[in-house]
Amino acid sequence: MSFQFLLLGAQAAGIGLNMYQRRKEQRYQNVGADIEIQDLGLQMQKEQLASTEEAVANMERLRETLATQRAIYASRGQKVGQGSPVAIAQGQIRAQGYDERARQLSMGFRKYELESKQRLIGLNKQARRSERRTKDFMQGLNLLNFNSMFGGALNTPGESL
């Protein structure tokens with residue numbers, strides 16, 4: 001009888017070590033996932049900065065182009081505020097607006113994609129934690145061999161009273 005308790009204790013110690021190892025592994029996985037989430041956040045900020053820099057550069061080019069066109073029209077003696085110079089300038093301003101809206105839309109999609117990746121990483125962390133808890137619970141149940149604890153007093157399947 002004491003040998004059975006020794007085996008039961010050894011089995012419990014093994015399960016305890018497994019649980020400890022899984023928890024330690026879970027902590028390392030969580031740290032890795034947190035770093036990955038932070039990396040995605042940094043990537044999102046870098047893309048926003050690049051988009052803003054591109055928008056500023058495009059605005060500067062538009063201003064330079066419009067100023068150059070005004071200078072050319074003025075040197076030709078044309079009135080800058082009338083006729084085709086105004087139509088050309090308005091067309092360029094409209095094109096700049098379309099480009100900016102397209103850039104903002106693209107940035108919105110990219111931001112949504114990165115946020116979705118962050119959420120997916122969080123869900124994977126929760127799934128791993130749930131899986132670990134289920135394994136721990138199942139090992140605990142396997143440790144309890146009810147039939148041997150009660151000295152065979154419980155019926156096994158197929159036995160009759």
Side-chain angles (χ1 to χ4, degrees), residues 7-146:
L7 290 177
L8 188 63
Q11 187 178 8
I15 289 172
L17 286 174
N18 278 343
M19 290 171 64
Y20 173 76
Q21 192 276 332
R22 275 200 297 269
R23 284 193 180 124
K24 197 171 186 180
E25 181 181 317
Q26 181 76 36
R27 273 188 245 129
Y28 289 133
Q29 287 175 348
N30 287 343
V31 168
D34 290 342
I35 289 172
E36 193 173 354
I37 287 172
Q38 290 174 356
D39 183 50
L40 288 172
L42 181 62
Q43 184 178 351
M44 192 179 331
Q45 289 175 350
K46 286 166 63 176
E47 288 184 17
Q48 287 175 338
L49 178 62
S51 177
T52 302
E53 288 175 347
E54 185 180 352
V56 169
N58 286 343
M59 186 60 73
E60 287 176 356
R61 280 194 297 274
L62 176 64
R63 287 180 181 164
E64 289 173 3
T65 301
L66 292 175
T68 302
Q69 286 177 350
R70 278 192 220 111
I72 291 172
Y73 292 134
S75 69
R76 292 180 186 164
Q78 292 177 312
K79 293 183 179 180
V80 179
Q82 298 176 355
S84 63
V86 172
I88 291 172
Q90 287 176 347
Q92 289 175 337
I93 292 170
R94 253 192 320 275
Q96 170 70 18
Y98 293 145
D99 289 346
E100 183 60 28
R101 281 190 287 273
R103 186 177 14 271
Q104 291 297 323
L105 186 61
S106 176
M107 189 64 208
F109 284 134
R110 185 69 179 135
K111 184 178 178 181
Y112 180 75
E113 178 185 10
L114 292 174
E115 287 172 349
S116 296
K117 286 181 181 180
Q118 287 176 329
R119 280 189 227 103
L120 185 61
I121 291 168
L123 288 173
N124 285 336
K125 276 175 56 174
Q126 290 177 353
R128 284 191 304 267
R129 183 182 332 140
S130 177
E131 181 181 356
R132 180 184 54 81
R133 287 180 177 173
T134 301
K135 284 181 181 179
D136 290 347
F137 179 74
M138 293 307 293
Q139 276 190 334
L141 283 181
N142 287 338
L143 176 64
L144 300 174
N145 185 346
F146 290 108

Inset, instruction - Any chance you could measure Gln21, atom CD, to Arg132, atom CZ, to the nearest 0.5 Å? - result: 11.0 Å
Inset, instruction - Using a 4.5 Å cut-off on heavy atoms from C-beta on, say whether the side chain of Arg76 contacts that of Ile72. - result: yes
Inset, instruction - Using the test side chain to side chain contact (heavy atoms under 4.5 Å, CB included), find all partners of Asn124 that sit at least two apart in sequence or belong to another chain. - result: Leu120, Arg128
Inset, instruction - First locate atom CD1 of Ile35, then atom CD1 of Ile121, and finally report the distance between them rounded to the nearest 0.5 Å. - result: 11.5 Å
Legend entry - Set of salt bridge (Lys or Arg N to Asp or Glu O under 4.0 Å) partners for Lys111, sequence neighbours left out: none
Can you give me every donor-acceptor pair (side chain of residues 43-52, partner residue at least two apart or in another chain, under 3.5 Å) with its distance?
residue : atom : partner : partner atom : Å
Glu47   : OE1  : Arg110  : NE           : 3.0
Glu47   : OE2  : Arg110  : NE           : 3.0
Glu47   : OE2  : Arg110  : NH2          : 3.2
Thr52   : OG1  : Gln48   : O            : 2.9

Legend entry - CD1-CE distance between Ile93 and Met59, expressed to the nearest 0.5 angstrom: 9.0 Å
Inset, instruction - Compute whether any side-chain donor of one residue and acceptor of the other, for Gln104 and Glu100, lie under 3.5 angstrom apart. - result: yes
Legend entry - Distance (rounded to the nearest 0.5 Å) between Lys125 NZ and Asn30 CG: 4.5 Å
Legend entry - Residues in salt bridge (Lys or Arg N to Asp or Glu O under 4.0 Å) contact with Glu54, at least two apart in sequence or another chain: Arg103
Inset, instruction - Output every pair passing side chain to side chain donor-acceptor pair (under 3.5 Å) with a member in residues 66-75, not counting sequence neighbours, ordered by first then second residue. - result: Gln69-Gln92
Inset, instruction - State which residues pass side chain to side chain contact (heavy atoms under 4.5 Å, CB included) with Ser116; sequence neighbours excluded, sorted by chain then number. - result: Tyr112, Arg119
